[in-house]
Amino acid sequence: MIAALRAEWTKFRTVRSWLFCLLLIPLLTVLLSYFTTANSDCGNGPYPGQPVTLACSQPIGPGGEAVEDQFYFVHQTLTGNGTLTARLTGLSSAALQPWAKAGIIVKQSMTPGSAYAAMLGTGARGVRFQYNYTGDTAGPSSAHWLRLVRSGDTITGYDSADGAHWVRIGSVVLPGLPGTVQAGLFAASPQPSSTGAVQAGHMPTVTGTFTDVTVTGGHAGSWAGTGVGAVGPLRSAGDSYQQAGGTFAVTGQGDIAPAVAPQAAITPIGQTLTGAFAGLIAAIVLGTLFMTSEYRRGLIQLTLAANPSRHRVLAAKALVTGAVTFVAALAGVAIALPLGKHILHKNGNFFGPISMATELRVAIGTAAVFALAAVLALAIGTIARNSATAVMTVIVVVVLPYLLAVASPVLPTTAADWLLRLTPSAGFSIQQTFQQYPQVASAYTPWNGYFPLAPWAGFTILCAWALGALALAAFLLNRRDA
């Protein structure tokens with residue numbers, strides 16, 4: 001096998017057209033990624049920690065993620081430790097959303113994106129303890145009494161069916177919680193996921209009715225109503241509260257939750273690699289030519305005469321093709337990804353918190369997708385023995401499904417999902433960075449950056465296609481005359 005690898009590597013590095021294709025892989029990846037990101041403009045900010053002023057921007061939560069933080073808040077200050085208790089007696093709306101919510105909340109400040117913890121009832125998801133936008137713990141669905149207890153930086157949520165026997169639902173530490181916070185009642189109703197963009201004055205509202213509201217500890221001031229996150233015409237005049245004796249009716253709209261696409265302006269990290277498709281086609285051409293050129297020039301007989309073990313020849317060609325393509329693609333991705341991030345960030349695009357491990361997975365995984373696509377092209381070239389047929393076949397099974405499902409969607413969501421589950425395009429899920437949140441109803445579709453398979457699961461589908469094609473190519477290569 002070593003001799004076969006040495007022979008194929010020597011052959012590869014002596015053919016100028018193959019080396020030219022190899023050079024095109026990083027060159028096209030970097031250049032086209034640069035031009036596409038340079039023309040992507042979402043304003044001039046904000047960045048994490050800066051105030052939100054533009055429509056293409058989102059509040060930034062404590063974890064660095066984009067968040068939705070728009071609701072109506074009936075509040076007063078709470079200094080030091082204390083307890084907030086209320087009985088939620090009703091939740092009503094003209095069109096009650098499953099995740100419409102009303103309850104009690106302790107919030108670091110009135111600034112959108114600031115830390116919080118809340119006990120709340122929902123339209124159809126029961127009682128929840130939620131905190132810092134991404135945290136969500138379910139409580140008994142029959143409970144109507146809600147309680148939050150502050151002890152230093154720790155907020156603990158309880159619920160009760162009778163106001164006498166309390167069950168601890170969850171607890172969270174909010175680091176750096178100031179001595180004085182805002183505590184009170186709130187209501188919010190998110191935009192239905194199927195209606196697309198928010199229209200001014202058309203956001204749904206929900207009304208929560210509360211009784212037996214008590215605050216213990218260092219609370220001060222009378223109750224005041226404030227629309228948190230009130231921006232322009234998106235907040236209607238329907239936000240309000242009424243107090244009659246010990247009963248509060250709080251009406252609000254919006255949501256307190258992680259922001260997800262398409263409602264939020266969050267850029268997928270894969271957008272930095274849009275030029276990769278041109279580089280991918282160069283990799284497909286390279287993989288095809290590495291085999292079909294020998295058939296076209298009649299050199300395959302010499303190759304097989306020098307090494308009669310045909311499956312070893314094919315395996316050596318696949319290893320050489322995959323290795324050189326991976327290195328070339330990784331070089332291109334290693335330049336295009338940080339360069340694209342810098343340009344997009346400068347143009348006001350927001351990526352959200354992405355760990356170094358995730359960036360490495362995207363970079364190395366994308367290079368591995370190139371390598372597998374080249375190996376798949378090599379196998380199809382062995383089967384078809386024709387360059388044009390092999391190149392078009394691989395483009396149709398690898399690139400076209402992605403274009404139909406993601407880049408320029410013309411298919412229903414269900415069909416797009418199945419394409420990205422069953423075809424080699426599933427490998428592109430290695431670039432997935434968006435998270436789906438069960439507490440946020442949204443259109444989690446490929447068009448919006450959500451692949452139907454987990455990153456490595458989709459990559460495994462591409463591996464299966466490449467291995468299956470190689471197995472068929474090896475079978476036919478052994479059965480047919482050279």
Side-chain angles (χ1 to χ4, degrees), residues 1-26 29 279-280 282-334 360 363-387 390-391 394 398 424 427 430 456 459-482:
M1 186 63 186
I2 299 299
L5 279 172
R6 186 182 298 113
E8 293 303 326
W9 165 241
T10 301
K11 189 184 303 179
F12 178 87
R13 62 188 178 86
T14 56
V15 178
R16 291 183 179 180
S17 60
W18 297 345
L19 293 176
F20 178 72
C21 281
L22 186 67
L23 179 63
L24 283 179
I25 294 173
T29 298
L280 181 64
I284 291 170
V285 172
L286 174 64
T288 301
L289 292 179
F290 197 33
M291 176 57 83
T292 57
S293 293
E294 296 212 29
Y295 282 108
R296 189 176 69 253
R297 297 173 181 175
L299 299 176
I300 189 67
Q301 293 91 344
L302 296 176
T303 298
L304 297 180
N307 191 343
S309 178
R310 298 188 176 194
H311 68 275
R312 286 189 180 180
V313 171
L314 183 62
K317 284 183 174 292
L319 287 173
V320 170
T321 301
V324 298
T325 303
F326 177 81
V327 172
L330 187 60
V333 170
L360 286 175
I364 295 174
T366 300
V369 168
F370 274 63
L372 287 171
V375 170
L376 178 61
L378 175 81
I380 299 299
T382 305
I383 296 168
R385 299 185 178 187
N386 180 274
S387 300
V391 169
V394 179
V398 175
I430 201 69
W456 293 112
F459 184 78
T460 302
I461 298 297
L462 176 58
C463 288
W465 272 83
L467 290 175
L470 274 178
L472 178 59
F475 173 77
L476 294 176
L477 186 63
N478 282 316
R479 295 269 301 189
R480 298 187 300 201
D481 292 335

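Computation of the quantities below employed the complete heavy-atom set of this structure, encompassing side-chain atoms and omitting hydrogens, waters and symmetry-equivalent molecules. Bear in mind that the values here come from a model prediction, so they are computed numbers and not experimental data.
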Hey, are the side chains of [X] and [Y] touching, using non-hydrogen atoms and a 4.5 Å cut-off?
X      : Y      : result
Leu286 : Phe290 : no
Phe459 : Leu372 : yes
Cys21  : Leu289 : yes
Thr321 : Phe12  : no
Thr382 : Leu476 : no
Leu314 : Met291 : yes

Can you tell me how far [atom2] of [Y] sits from [atom1] of [X], rounded to the nearest 0.5 angstrom?
X      : Y      : atom1 : atom2 : value
Leu472 : Ile383 : CG    : CD1   : 4.0 Å
Ile430 : Thr460 : CD1   : OG1   : 8.5 Å
Thr288 : Leu376 : OG1   : CG    : 8.5 Å
Thr292 : Ile380 : OG1   : CD1   : 12.0 Å
Thr366 : Leu280 : OG1   : CG    : 10.0 Å
Leu467 : Leu462 : CG    : CG    : 9.5 Å

Shortest non-hydrogen contact between [X] and [Y], atoms and distance:
X      : Y      : result
Ala329 : Ala367 : CB-CA, 3.9 Å
Phe370 : Gly279 : CE2-C, 3.3 Å
Val333 : Ala363 : CG1-CA, 3.6 Å
Pro424 : Val398 : CB-CG2, 3.7 Å
Leu22  : Ala328 : CD1-CB, 3.6 Å
Ala282 : Leu24  : CB-CB, 4.1 Å

What do the steps show when you test Val324 against Trp18 for side-chain contact (heavy atoms from CB on, under 4.5 Å), and what is the final call?
CA-CA 11 Å; Val324 298; Trp18 297 345; over 6 Å; no
I'd like to know if the side chain of Thr14 reaches the main chain of Lys11, judged simply by a donor and an acceptor atom lying under 3.5 Å from each other, with no hydrogens or angles considered.
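Yes; at least one donor-acceptor contact below 3.5 Å.
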